[in-house]
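Quick notes on the structure that follows.
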Protein chains: 2
Amino acid sequence: MLSQSEENYLKAIYSLSELQGEAISTNLLSEKMSTKPSSVTDMVKKLSDKKLISYKKYQGCELTIVGKKMALQIIRKHRLWEVFLVKKLNFGWDEVHEIAEQLEHIQSTKLTDHLEEYLGFPRFDPHGDPIPDKNGVFEKINKSKVLSDVIINGKGSVVGVEDGSSGFFQFLNRYEIGLGTEIQVIEKFDFDLSILVLINGKEISFSSVVANKIFIQLL
Amino acid sequence: MLSQSEENYLKAIYSLSELQGEAISTNLLSEKMSTKPSSVTDMVKKLSDKKLISYKKYQGCELTIVGKKMALQIIRKHRLWEVFLVKKLNFGWDEVHEIAEQLEHIQSTKLTDHLEEYLGFPRFDPHGDPIPDKNGVFEKINKSKVLSDVIINGKGSVVGVEDGSSGFFQFLNRYEIGLGTEIQVIEKFDFDLSILVLINGKEISFSSVVANKIFIQLL
DNA sequence: AAATATTTTTAGACAAGTCTAAATAAATTA
DNA sequence: TAATTTATTTAGACTTGTCTAAAAATATTT
Ligand SMILES: [Mn+2]
Ligand SMILES: [Mn+2]
Ligand SMILES: [Mn+2]
Ligand SMILES: [Mn+2]
């Protein structure tokens, strides 16, 4: 059985691998985990001993098949709990991540499976991220197109957001933006990369920071 | 914020105090926690530094007002989660204790309160134990009378069971005994303290071990 | 009350997970 | 290529929670 810390490292390596493809460097992982590189080296040795990652000194690390499976099970739990909190306990989508960080470490396959059934086998979490099934299989959704990429007069709906700070979620709530919200691009400004959009009949201007964190599926 | 270990000690001290009244001895606590007495001494010093228990060398320990409040909040979470698992996720009452041991350490008052509301403010857990409210207030139920205490021809219903091993729960399930089950005492045997009872029209003989773990409210 | 037995504490150790400071390897720049 | 910078690892330390073995305090028995 893995410790919470080991599980968190696996999750971090997984999510960095999704972005960065290749082997994950010690420094990158240390930044993600908010620990010092020396701590990462220690942990990476341990996970390597357990055959959950492959690791050669100075060459970074990569999940093994087994390690990736474990990472996906933790992510599965995280996202199922997020759905539970939003759908059943009436939490806002901006409030659930921290609590799910704790709940994801509860050890009981039966609990996870019962929870999934109770929730009606949801395929996405409240932020639009896909939920792996008990075998680790999940739908890859289109997180390729971001609001900034939509051309002028283009129209789409929100299919996800970058899993980010609570400040960002509060921002989204303020403008009543959630999964499924329809957005039309009115104008784009090159000088600061800001963007003018139409949401629920209202014109709103977004900074490029925001426009890069909202994933869009064209209509 | 307390560690899981600190929380478990507080809970153990609380439950021993309920039985034993006075100050809890190091050895008793070590047995309850399945640790060595020397480990208890260390922990007890730490909890004392945090003003959660009062402790004088060689004199045992006792919860302070604050410590008792914390213990009750952990117990509250434990029992609410047990209700959730049985009522919402269709677990058997014999399967939930171990999982609740993990869930009781999730830190979020809002989560606990939302869960309580979602469950309809239950007053008892699946084993008949009362659930403290957010202020730590709960109904003291009648766990004084045990099946062994019922006189011949006396009739009562099960209001609780000693929170025990999974083997005991399987035993209860086998005989279809749960909260509310009606039991009539037919005969008692002094030589081995066993007891013959009538449950759902069937005569069953129980050992004294069992008869001492089933709490009865007379009808 | 003295001797003995039991309980409790202390001393020193270990594993997990982290840190700082120093050493070493790799990458970049000149 | 040599010098310099950056990334990574090693060495040694600290905290938490546990352990064993030994010492000290308390309780029980003769
Ligand atoms: Mn999340
Ligand atoms: Mn986590
Ligand atoms: Mn329980
Ligand atoms: Mn616990």
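Excluded from the calculations below are hydrogen atoms, water molecules and symmetry mates; all remaining heavy atoms, backbone and side chain alike, are included. Letters A, B, ... are given to chains in the order of the sequence lines, protein chains preceding strands, and every chain is numbered from 1.
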With DNA chain C as reference, determine whether A:Ser38 or B:Leu28 sits nearer its 5' end, using the nearest nucleotide of each. B:Leu28
Indicate, with a heavy-atom threshold strictly under 4.0 Å, whether B:Thr41 touches base, sugar-phosphate, or nothing. base
Does the side chain of B:Tyr55 get closer than 4.0 angstrom to OP1 or OP2 of C:dT8 through an N or O atom? no
Does a side-chain N or O from B:Lys45 land closer than 4.0 Å to OP1 or OP2 of C:dT9, or not? no
Can you see whether A:Phe84 has B:Lys88 sitting over its ring - NZ or CZ less than 6.0 Å from the centre and within 45° of the normal? no
Can you tell me if the side-chain N/O atoms of B:Ser39 get under 4.0 Å from OP1 or OP2 in D:dC19? yes
Check the distance between D:dT16's C1' and B:Leu2's CG and give it to me in whole angstrom. 14 Å
Using the six-membered ring wherever Trp is involved, compare the ring planes of A:Phe189 and A:Phe191 and label them parallel, tilted or perpendicular (cut-offs 30° and 60°). perpendicular
Both A:Ser5 and A:Gln59 contact DNA chain C. Taking the nearest nucleotide for each, which residue is further toward the 5' end? A:Ser5
I'd like to know if the side chain of B:Asn173 pairs up with that of B:Trp93 as donor and acceptor (distance under 3.5 Å, no hydrogens or angles considered). yes
Measure from CD on B:Glu31 to C1' on C:dT8 and round the result to the nearest Å. 15 Å
Calculate the interatomic distance between B:Met33 atom CE and D:dC19 atom C1'; express it in whole Å. 15 Å
Does B:Tyr9 have a side-chain nitrogen or oxygen under 4.0 Å from the phosphate oxygens OP1 or OP2 of D:dT16? no
Among D:dT18, C:dT7, C:dT18, the one nearest B:Asn27 by side-chain distance: C:dT7
Which part of the nucleic acid, if any, lies within contact of B:Thr35, taking any heavy atom under 4.0 Å across all strands shown: a base, the sugar-phosphate backbone alone, or nothing? sugar-phosphate
Just how far, in rounded Å, is P of C:dA16 from CG of A:Asn8? 17 Å
Heavy-atom neighbours of B:Glu117 CD exceed 12 at 6.0 Å: no
Rounded to whole angstrom units, what separation is found between the CG atom of A:Asp42 and the P atom of D:dA11? 11 Å
Of the options D:dT20, D:dT18, C:dC19, whose atoms approach the side-chain atoms of B:Lys36 most closely? D:dT20
Go through C:dA26, D:dC19, C:dT9 for me and flag the one nearest to the A:Tyr58 side chain. C:dA26
Do A:Leu80 and A:Arg76 have side-chain heavy atoms sitting under 4.5 Å apart? yes
For B:Thr26, report the nucleic acid contact type (base, sugar-phosphate, nothing); a contact means any heavy atom under 4.0 Å. sugar-phosphate
For the pair made of CE in A:Met43 and P in C:dC19, what is the distance, rounded to whole Å? 11 Å
Expressed as a whole number of angstroms, how long is the span from A:Glu6:CD to C:dA15:C1'? 12 Å
How many Å lie between CE on A:Met1 and C1' on C:dA15, as a whole number? 15 Å
Is B:Lys57 close enough to C:dT10 that one of its side-chain N or O atoms is under 4.0 Å from OP1 or OP2 there? yes
Assign the ring pair A:His127 / A:Phe169 to parallel, tilted or perpendicular, where the plane angle (0 to 90°) is split at 30° and 60°. tilted
